[in-house]
Amino acid sequence: MRALVWHGKEDIRCDRVSDPEIEDPRDAIIKVTSCAICGSDLHLFHNFIPAMMPGDIMGHETMGEVVETGSGLNGSLKKGDRVVIPFTISCGQCEQCRRGNFSVCETSNRKKELAEKAFGHATGGLFGYTHLTGGYPGGQAEYLRVPYADSTHIKVPDGMSDEQALFLSDILPTGWQAAMQCEIETTDTVVVWGCGPVGQMAIRSAVLLGAAQVVAIDYLPERLSMAEAGGAIPINFKEESVVERLDELTKGKGPEKCIDAVGMESHVSMSHPDSLVDRALQMMMLENDRPHVLREMIYVCRPGGIISIPGVYSGLVDKIPMGMAMNKGLTFRMGQTHVKRWTDDLIRRIEEGQIDPSFVITHTVGLEEGPEMYKVFRDKQDSCIKVVLKP
């Protein structure tokens, strides 16, 4: 089969690789009908996330049709079923899964010893996302083996298109969880840093959850226009002061809820000296990530507020103002998304027309064009916000 394969930093190729096979009775094989490039795939593209190996298959936003099932699925899946595959692999039976904490499943990470060294305790397995999370082949391919398939799938309702359903795999529930973690009240100002795909979903989630006003921060006109179309007040951080504008919008009190949809790769800018320091520390291997957005959120957030972090961080960050956060009494909530916790509600909202996740798609191409689209997505060329691949 064809698949997008990681060969090293900024080197992804469309290769011929072996077809996946059933390895466990709870496995299923799906023929991929749609997959996507995620912003967090760029962290792997840049080799910022450790434990990628040449030959690893990329991708964790995938859907398709079941073509083969293991003997242990007990009728939960059958050939011909249309399914979305959550990026978080969950056994459905361990203590964390029973609590709905699917991204920290105690069973699905098949390389626990490696993960425990990095994280203290192993998290769940993820598709196409380094050997710290199991080293599972990803879904930017013609076929995908789904372990624990009786638990790790979302059945697609009749009449729902691939474009409407695909993002149930990651970015829609990720944006939704980011907003839900904020415990939004009708008097709240919710601010979203980063208007990429996850940020766009967080913006619309905050609007659906009844925030008094939603503010979107970015510098790309096409992203800010999309955010404004979704009900947000845009701030271009290259053209105006974020601090001053938020002060004006909240009458000096600061936003109650802040969402970091940027994560480890904050934009490096002369107007943000801390980002220049972060870049220098990265070059000297003294820091993993650039947490400018996290610092700015802590500074502007209203005392007693909530900071929600769906953006990916890979390791060590420097000069986080913990004294400021502690004295302001801020609450931090973060983590990989517990996808299946949210999908029943989100499917209902899609069917009722409350949200159509396909709005974020700007490019649809064949799988063989994937390596080039990684560069287009990275460089934000051609107003690219979200790429869907059709194997």
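The structure presented is a predicted model; accordingly, all values stated were derived computationally and were not measured.
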Taking [X] for its side chain and [Y] for its backbone only, find out whether a donor-acceptor pair lies under 3.5 Å.
| X | Y | result |
| --- | --- | --- |
| N236 | K238 | yes |
| D188 | I184 | no |
| S205 | A179 | no |
| S71 | P25 | no |
| K340 | S151 | yes |
| S108 | G125 | yes |
| D345 | W342 | no |
| N109 | K111 | yes |
| R279 | D274 | no |
| D218 | L220 | yes |

For this session: Assess whether side-chain contact (heavy atoms from CB on, under 4.5 Å) is satisfied between T189 and K257, documenting all intermediate values.
Result: CA-CA 6 Å; T189 293; K257 311 294 164 62; over 6 Å; no

Distance, nearest 0.5 Å, that separates [atom1] of [X] from [atom2] of [Y]:
| X | Y | atom1 | atom2 | value |
| --- | --- | --- | --- | --- |
| E10 | F45 | CD | CZ | 5.0 Å |
| N288 | S314 | CG | OG | 4.5 Å |
| N47 | M52 | CG | CE | 8.0 Å |
| L330 | C301 | CG | SG | 5.0 Å |
| I350 | L172 | CD1 | CG | 5.5 Å |
| S266 | D289 | OG | CG | 9.0 Å |

Do [X] and [Y] sit in one hydrophobic cluster, given that two such residues count as connected whenever their side-chain heavy atoms are within less than 4.5 Å of each other, even indirectly?
| X | Y | answer |
| --- | --- | --- |
| I355 | V84 | yes |
| M264 | L42 | yes |
| I154 | I29 | no |
| L286 | M283 | no |
| I85 | F167 | no |

For this session: Could you please spell out the steps behind the side-chain contact (heavy atoms from CB on, under 4.5 Å) verdict for E183 and T331?
Result: CA-CA 11 Å; E183 298 181 359; T331 296; over 6 Å; no

Could you check if a side-chain atom of [X] sits within less than 4.5 angstrom of a side-chain atom of [Y], using non-hydrogen atoms only?
| X | Y | value |
| --- | --- | --- |
| V388 | C35 | no |
| T62 | S169 | no |
| I37 | L389 | yes |
| R13 | D11 | yes |
| I347 | M160 | yes |
| S383 | R223 | no |
| W176 | L209 | yes |
| T33 | M63 | yes |

Indicate the atoms forming the closest heavy-atom contact of [X] with [Y], along with that distance.
| X | Y | value |
| --- | --- | --- |
| T88 | S103 | CG2-CB, 3.6 Å |
| R295 | D318 | NH2-O, 2.7 Å |
| I385 | E222 | CD1-O, 4.0 Å |
| P391 | L367 | CA-CB, 4.0 Å |
| K386 | V360 | CB-O, 3.2 Å |
| L168 | P173 | O-CG, 3.3 Å |

For this session: Let me see the working for Q282 and R290 under side-chain hydrogen bond (donor to acceptor under 3.5 Å, both in side chains), right down to the final yes or no.
Result: CA-CA 8 Å; Q282 281 183 317; R290 300 191 299 269; 3.0 Å; yes

Taking atom [atom1] of [X] as the centre, report whether more than 12 heavy atoms of other residues, nucleotides or ligands fall under 6.0 Å from it.
| X | atom1 | result |
| --- | --- | --- |
| R99 | CZ | no |
| E352 | CD | yes |
| M324 | CE | yes |
| K390 | NZ | yes |

Exercise. Is it true that the side chains of S358 and Q164 contain a donor and an acceptor less than 3.5 Å apart?
Worked result: no

Problem set entry | Distance-only polar pair, side chains of S34 and D162, donor-acceptor under 3.5 Å | yes

Exercise. Quick one: do R245 and E240 make a salt bridge, cutoff under 4.0 Å?
Worked result: yes

Problem set entry | Working for ring pair (Phe, Tyr, Trp, His ring centres under 6.0 Å), residues F48 and H43 | CA-CA 5 Å; F48 285 155; H43 304 324; 7.3 Å; no

For this session: Keeping to residues at least two apart or across chains, list the ring-ring contact (aromatic ring centres under 6.0 Å, His included) pairs with something in residues 285-339.
Result: H272-H292

Exercise. Restricting to pairs with a member in residues 300-310, which pass side chain to side chain donor-acceptor pair (under 3.5 Å), not counting sequence neighbours?
Worked result: Q181-S308, E256-R302

Seminar exercise, completed: So the side chain to side chain donor-acceptor pair (under 3.5 Å) pairs with at least one residue in residues 115-126 (sequence neighbours excluded) are none

For this session: List the steps, then state whether side-chain contact (heavy atoms from CB on, under 4.5 Å) holds for E287 with K319.
Result: CA-CA 10 Å; E287 184 179 25; K319 294 179 174 58; over 6 Å; no

For this session: Using side chain to side chain contact (heavy atoms under 4.5 Å, CB included) as the criterion, list what pairs up with P303, not counting sequence neighbours.
Result: K328

For this session: Please name all residues satisfying side chain to side chain contact (heavy atoms under 4.5 Å, CB included) with P147, sequence neighbours left out, ordered by chain then number.
Result: D27, I89, F127, Y136, R145

For this session: Could you walk me through whether V214 and I233 pass the side-chain contact (heavy atoms from CB on, under 4.5 Å) test, one step at a time?
Result: CA-CA 6 Å; V214 179; I233 300 167; over 6 Å; no

Donor-acceptor pairs under 3.5 angstrom involving side-chain atoms of residues 369-381: please list them, not counting sequence neighbours.
residue: Y374; atom: OH; partner: Q140; partner atom: OE1; Å: 2.9
residue: Y374; atom: OH; partner: Q140; partner atom: NE2; Å: 3.2

Exercise. Where do H153 and D81 land on the side-chain hydrogen bond (donor to acceptor under 3.5 Å, both in side chains) test, with the steps shown first?
Worked result: CA-CA 10 Å; H153 77 270; D81 283 345; over 6 Å; no

